[in-house]
2 protein chains.
Amino acid sequence: MKLSTKGRYGLMAMYQLAMAYGEGPISIKSIADEEDLSENYLEQLFSTLKKNGLVVSSRGAYGGYMLTRHPKDITVGEILRSLEGENYPADCVSSDGFECKKEDMCVTKVVLAKIKSGIDQVIDSITLQDMIEDANMVKNL
Amino acid sequence: MKLSTKGRYGLMAMYQLAMAYGEGPISIKSIADEEDLSENYLEQLFSTLKKNGLVVSSRGAYGGYMLTRHPKDITVGEILRSLEGENYPADCVSSDGFECKKEDMCVTKVVLAKIKSGIDQVIDSITLQDMIEDANMVKNL
DNA sequence: TTAAAGTTGACAATATTACTTGGATATAAT
DNA sequence: ATTATATCCAAGTAATATTGTCAACTTTAA
């Protein structure tokens with residue numbers, strides 16, 4: 001039940017964009033430097049984030065990426081689902097017509113569905129804005 | 001954020017033991033047949049479940065495994081943690097002295113900790129007994 | 001004593017993850 | 001125009017984790 005680096009790096013990167021919201025595009029290079037991540041790898045993550053409408057890009061010098069919405073309107077859930085796919089703990093809980101082999105609905109399915117909804121509840125309730133505020137609180141300790 | 005087969009198979013197997021609670025040991029073979037899983041693989045899972053005190057084994061003919069406690073006193077959380085380790089979404093949320101490279105506490109850590117506690121809350125609130133009752137409800141639809 | 005069942009450790013196949021490489025294309029500043 | 005700075009795109013690859021298999025061994029009940 002681990003988050004992959006996709007999810008973690010993506011979250012860190014989106015947090016950077018959130019902090020610079022309204023200040024024009026941020027380049028991958030500057031994020032990679034800041035967070036000590038691979039530039040090329042981050043590119044791929046941003047590519048999917050863009051595909052999913054969470055960021056827009058501007059190419060060329062002084063280009064980079066920007067959030068499409070205000071940080072308070074982007075949830076951690078959107079980001080994680082975008083990068084990691086649905087957080088289904090198992091395929092049988094997915095929506096796309098997967099069918100268990102066993103005729104009777106398996107019991108673990110009920111459990112897995114509960115886990116999924118628990119995770120969703122948490123990640124959909126946290127916005128990028130919340131992250132910024134959390135960070136400020138930690139700083140002021 | 002997927003559960004591995006360890007967790008899923010283990011859960012299914014423990015459910016079988018729960019249904020047979022009080023009726024003596026159940027062999028791996030019969031569970032493997034019932035749930036269509038590999039016998040040898042299940043062995044490994046039961047080995048760790050035993051190490052963690054969730055089941056006891058009796059060897060020899062008519063042997064097998066039994067729950068150490070009543071199904072109402074064994075949670076899904078115990079089983080999953082036993083098989084998959086702590087469900088930490090990332091290492092920095094773990095308890096064993098892991099330190100982030102960055103001096104300031106990273107913000108994603110706060111988010112990850114929230115996810116973890118959300119998952120724990122769900123899985124620790126479901127017992128094997130609950131699973132049995134859920135199954136009965138589904139049957140009677 | 002024999003057959004059923006658990007125990008152990010090594011290992012192999014497969015899948016996924018986490019990148020790397022190499023180039024093409026777009027844009028802004030000079 | 002040229003150059004520096006970016007994104008964009010498609011493969012390829014190395015590392016790691018997952019998901020098992022296999023074989024030899026030990027214990028125990030019938």
Side-chain angles (χ1 to χ4, degrees), chain A residues 1-13 16-17 20 24-68 80 83-91, chain B residues 1-13 16-17 20 24-52 54-66 68 80 83-91:
Chain A
M1 284 298 264
K2 285 211 173 174
L3 221 53
S4 71
T5 55
K6 276 185 199 163
R8 274 184 295 132
Y9 294 1
L11 212 52
M12 289 158 78
Q16 294 291 326
L17 292 195
I26 304 292
S27 75
I28 282 182
K29 184 166 172 29
S30 70
I31 294 177
D33 287 349
E34 175 75 21
E35 303 278 12
D36 200 30
L37 304 174
S38 146
E39 250 180 86
N40 297 307
Y41 190 47
L42 264 186
E43 256 179 40
Q44 293 176 34
L45 304 187
F46 271 109
S47 167
T48 70
L49 287 170
K50 188 185 174 184
K51 237 176 255 158
N52 290 304
L54 291 173
V55 297
V56 284
S57 63
S58 69
R59 302 169 71 154
Y62 292 87
Y65 289 92
M66 285 169 29
L67 298 182
T68 51
L80 293 185
L83 292 169
E84 308 230 352
E86 283 287 344
N87 69 65
Y88 297 121
D91 289 333
Chain B
M1 286 298 266
K2 286 211 175 173
L3 222 53
S4 72
T5 56
K6 277 185 199 166
R8 273 185 295 131
Y9 293 2
L11 212 51
M12 289 157 77
Q16 294 291 328
L17 292 196
I26 304 292
S27 75
I28 283 184
K29 185 163 172 35
S30 71
I31 294 178
D33 287 349
E34 175 76 19
E35 303 278 11
D36 201 28
L37 304 174
S38 146
E39 245 181 274
N40 296 307
Y41 192 46
L42 265 185
E43 263 176 31
Q44 291 175 34
L45 305 187
F46 271 110
S47 168
T48 70
L49 287 170
K50 186 183 174 187
K51 240 176 253 161
N52 289 303
L54 291 172
V55 299
V56 283
S57 62
S58 68
R59 302 169 75 153
Y62 292 88
Y65 288 92
M66 285 168 31
T68 50
L80 293 185
L83 292 170
E84 310 228 351
E86 283 290 342
N87 67 66
Y88 297 122
D91 289 332

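Chain naming here is simple, since letters A, B, ... match the order of the sequence lines and numbering starts at 1 in each.
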Value in whole Å for how far the [atom2] atom of [N] lies from [atom1] of [X]:
| X | N | atom1 | atom2 | result |
| --- | --- | --- | --- | --- |
| B:L42 | D:dG20 | CG | C1' | 11 Å |
| B:M66 | C:dG6 | CE | C1' | 15 Å |
| A:L83 | C:dA18 | CG | P | 11 Å |
| A:L45 | C:dA18 | CG | P | 10 Å |

According to a strict under-4.0 Å criterion, is [X] in side-chain N/O contact with OP1 or OP2 of [N]?
| X | N | result |
| --- | --- | --- |
| B:Y41 | D:dT18 | no |
| A:S4 | C:dT16 | no |
| A:Y9 | C:dA18 | no |
| B:T5 | D:dT19 | yes |

Polar pairs (N or O, both sides) under 3.5 Å between protein and nucleotides 6-10 of chain D?
unit_1 : atom_1 : unit_2 : atom_2 : d
D:dA6  : O4'    : A:G60  : O      : 3.1
D:dT7  : OP1    : A:I28  : N      : 2.8
D:dT7  : O3'    : A:S57  : OG     : 3.3
D:dT7  : O2     : A:R59  : NH2    : 3.2
D:dC8  : OP1    : A:K50  : NZ     : 2.3
D:dC8  : OP1    : A:S57  : OG     : 2.4
D:dC8  : OP2    : A:Y65  : OH     : 2.2
D:dC8  : N4     : A:E43  : OE1    : 3.0
D:dC8  : N4     : A:E43  : OE2    : 3.2
D:dC9  : N4     : A:E43  : OE1    : 3.1

Is A:Y41 close to A:T5 at the side-chain level, that is, under 4.5 Å between some pair of heavy atoms?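 Side-chain contact under 4.5 Å: yes.
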Taking the side chain as every heavy atom from C-beta outward, state whether A:I31 and A:L17 have any atom pair closer than 4.5 Å.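 A:I31 reaches A:L17 side chain to side chain.
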Within the distance-only criterion (no hydrogens, no angle test), does the side chain of A:E84 pair as donor or acceptor with the backbone N or O of A:L3 below 3.5 angstrom?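 Side chain of A:E84 to backbone of A:L3: no pair is present.
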Ignoring hydrogens and geometry, is there a side-chain-to-backbone donor-acceptor pair from B:T68 to B:L54 under 3.5 Å?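 Checked: pair present.
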Set of residues satisfying side chain to side chain contact (heavy atoms under 4.5 Å, CB included) with respect to A:L37, sequence neighbours excluded: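 Result, side chain to side chain contact (heavy atoms under 4.5 Å, CB included) vs A:L37: A:Y9, A:E35, A:L42.
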To check you understand the geometry: which heavy-atom pair defines the closest contact between A:Y65 and A:S57, and what is its length?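 Between these two residues, the closest heavy atoms are CE2-CB, 3.5 Å.
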